[in-house]
There are 2 protein chains.
Amino acid sequence: MGSVTLREVADAAGVDVSTASRALSADKSSLVSTATRIRVLEAAERLGYRANLQASALRRGRTGVVGVIVADLSNPFIGPVLRGIANALGARGVLPIMTETRDSSDELTQICDKLLSQRVDGIITTAGRYRDRALLRRVADEVPTVLAVRELPGSGIPVISHDDRAGGGLAARHLISQGHSDLAQLIGPGDVWSFEARAKGFREAADAAGAPCLDVQASVRLPTVEAGRQLAEALLDRPGPKPTGVFAHNDSIAIGAISALRERGLECPADISVVGYNDVPLTDQLRPPLTTIRLPGYELGRLAAELVSSRIDGTGTEATTERVVLEPELIVRDSTSPPKSI
Amino acid sequence: MGSVTLREVADAAGVDVSTASRALSADKSSLVSTATRIRVLEAAERLGYRANLQASALRRGRTGVVGVIVADLSNPFIGPVLRGIANALGARGVLPIMTETRDSSDELTQICDKLLSQRVDGIITTAGRYRDRALLRRVADEVPTVLAVRELPGSGIPVISHDDRAGGGLAARHLISQGHSDLAQLIGPGDVWSFEARAKGFREAADAAGAPCLDVQASVRLPTVEAGRQLAEALLDRPGPKPTGVFAHNDSIAIGAISALRERGLECPADISVVGYNDVPLTDQLRPPLTTIRLPGYELGRLAAELVSSRIDGTGTEATTERVVLEPELIVRDSTSPPKSI
DNA sequence: TTGTATGCGTTATCAT
DNA sequence: ATGATAACGCATACAA
């Protein structure tokens, strides 16, 4: 492609490349006389000049690109997060490279390698599992890195998250306040901060209220509708009294569970109440509309992008921005109600 | 960041940079003796060498990055498309830069500029509106470009789409076969291929069956749940007989419409049947589960990525790959049923 | 205010 | 099979 170089612009304007470079640079254009500046600008315009950011990056050591790594692009809760990231980065003229690991550590390894080879200025990831801590730590040593949504305790990597533990507590207290005394939780895939923290928060609040709490653990990797189905069936297949209040670790699991329960003759919320997590789009239109915990995805994305930007600029006051934790919010809809027997 | 350069690896291995370059290059490593190759490889490993793709790109004229431009990251139908793109590109070692226009032409202009400055090897976009034809045509002249999902007739840009017109026909014939004789369609934002084609297909099939068809046009830019609400209310506020079979141009509109209808005392499907479009995740879990037309998002994304890759490689037999059109599929669920009066 | 010269890290061409 | 060298397009330290 005969793309126009700075050299050609300079020649057309009758100046040296260095002068042309200065004239076109936003902050250094003051070092150039107004007359020559407009001459260069006109020449650039006329020739259709477009700066080669690759070359510029090579010279300046900055690419204007940050890598974004998510676990699952088809998880609807990720949409708002990506938006928040894209918007905040866009405002600074930075472009995001988006990648997906499907929660596979091998994938993550390869992706990190690729991003580092691309010399991205920074990395934002929501895909870290505990087992990836060392890997991500190494990445963070090479390039400004920010965790979003999922924390990685002990990694020392700055993180923008929200309080999953408090979210679990909200779910438990809501069910208890509705009169449920037999609780259960459908736990998301292991090795992930979000689910462990939610489980812990839920259990603590249940214990505090003296309510028995059954844990049903997932053996699957991704927290999907199908996983919710399996978890609900595992719950029903257990011997003993059936809980009436169930906390699903995300909305997909909740949806799958409600569907599976219905197939076994249990209606939600008449027979069993279900609380979800994330408040993904459309949860208010489900059958029934889902009571859930809102995860502030857009905000998380936006803040993560701003944090990584400030790290890149070196303006991050290291100590003060290590960890930002937003608050979850209980959204009450129709999937929870007082238990029948009361 | 003291990142290791090829130079240092060469020095450590006691060879020239050019030899080191050959040794590390996949296809040219045969030009190097096995002995020195392993010496170089070891040195690289030991020093933690990582090729600088920026520099490599500058020299070779290829970045290994393609730009992806979508209209709306929060539209759930885009998830599968992005996945298809990311997976197909990933298999070829190419990374996607993802951007969002919110269906604004200004945004699109800026984004194209940015991507071209980044010297992406190719561009895939689902965000083209008719008014953007000239802009995208110019882009396509600079870099291999592929349209996905939305066509841009007369632009001459290769496109991977599916048959929206046939999809509209499927919707109409389904409603008619259920016994509906009074039809209406809630039309998506103007200036966009998908919606115009769906409208046309629906109208044609209605006409062919002699069924009157009311068109309700959106005045909004994005086809959201809220837009669906407004469209449904506009429909009800019209004088004259109310249609019993409604085609919403996407699932979000359908959901908003059903919700608005319910607020006005009309139940779906008892009082009014609604067909959506896209078959986005969770439509089967809605109240009621949505009858809809499936748009093969993953396939579209995958094919678009493969097409742009072959264009980049220059292996695209120009004439044969201009336009690929997949087939839509009717998914019958519970939001449609025969009208009451029958 | 402008020009000169150099280097960012690679790869390709040409020798050897 | 390997080395020397130039060039990709740009930005900056330095000189004028």
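Basis for what follows: all heavy atoms, side chains included, without hydrogens, waters or symmetry-related copies. Order of the sequence lines sets the chain letters (A, B, ...), proteins ahead of strands, with each chain counted from 1. Since the model is a prediction, treat every value here as computed from it, not as a measurement.
A side chain to side chain contact (heavy atoms under 4.5 Å, CB included) with I160(A) holds for exactly one of V324(A), V149(A), I124(A); it is V324(A).
Within residues 29-37 of chain B, the residues having any heavy atom under 4.0 Å from DNA chain D are, by residue number, L31(B), V32(B), S33(B), T36(B).
At a cut-off of 3.5 Å, with distance as the only test, no side-chain donor of S104(B) or D106(B) sits close to an acceptor on the other residue. At a cut-off of 3.5 Å, with distance as the only test, no side-chain donor of T101(B) or D103(B) sits close to an acceptor on the other residue. Looking only at atom types and distance, the side chain of S74(A) has a donor-acceptor partner in the side chain of R83(B) under 3.5 Å away. In this model, a donor atom of one side chain and an acceptor atom of the other lie less than 3.5 Å apart for T36(B) and S33(B). Between D27(A) and S29(A), the side chains place no donor N or O within less than 3.5 Å of an acceptor N or O (distance only, hydrogens not considered).
Atom-to-atom distance recorded for L135(B):CG and R133(B):CZ is 12.5 Å, nearest 0.5 angstrom.
A donor-acceptor distance shorter than 3.5 angstrom exists from the side chain of D132(A) to the backbone of R129(A), with no hydrogens or angles considered.
For the pair R119(A)/R62(A), no side-chain contact is recorded, criterion being any heavy-atom separation below 4.5 Å from C-beta on. Put simply, the side chain of I97(B) does not reach to within 4.5 Å of the side chain of V66(B), judged on heavy atoms.
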Item checked: B/S/- contact track for nucleotides 7-16 of chain D, protein heavy atom under 4.0 Å -> BBBBBBB---
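Rounded to 10 degrees, the angle between the two end axes of the helix from dT1(C)-dA16(D) to dT16(C)-dA1(D) is 40°, with five pairs used at each end.
A straight line from CZ of R62(A) to C1' of dG9(C) spans 19 Å, rounded to a whole angstrom.
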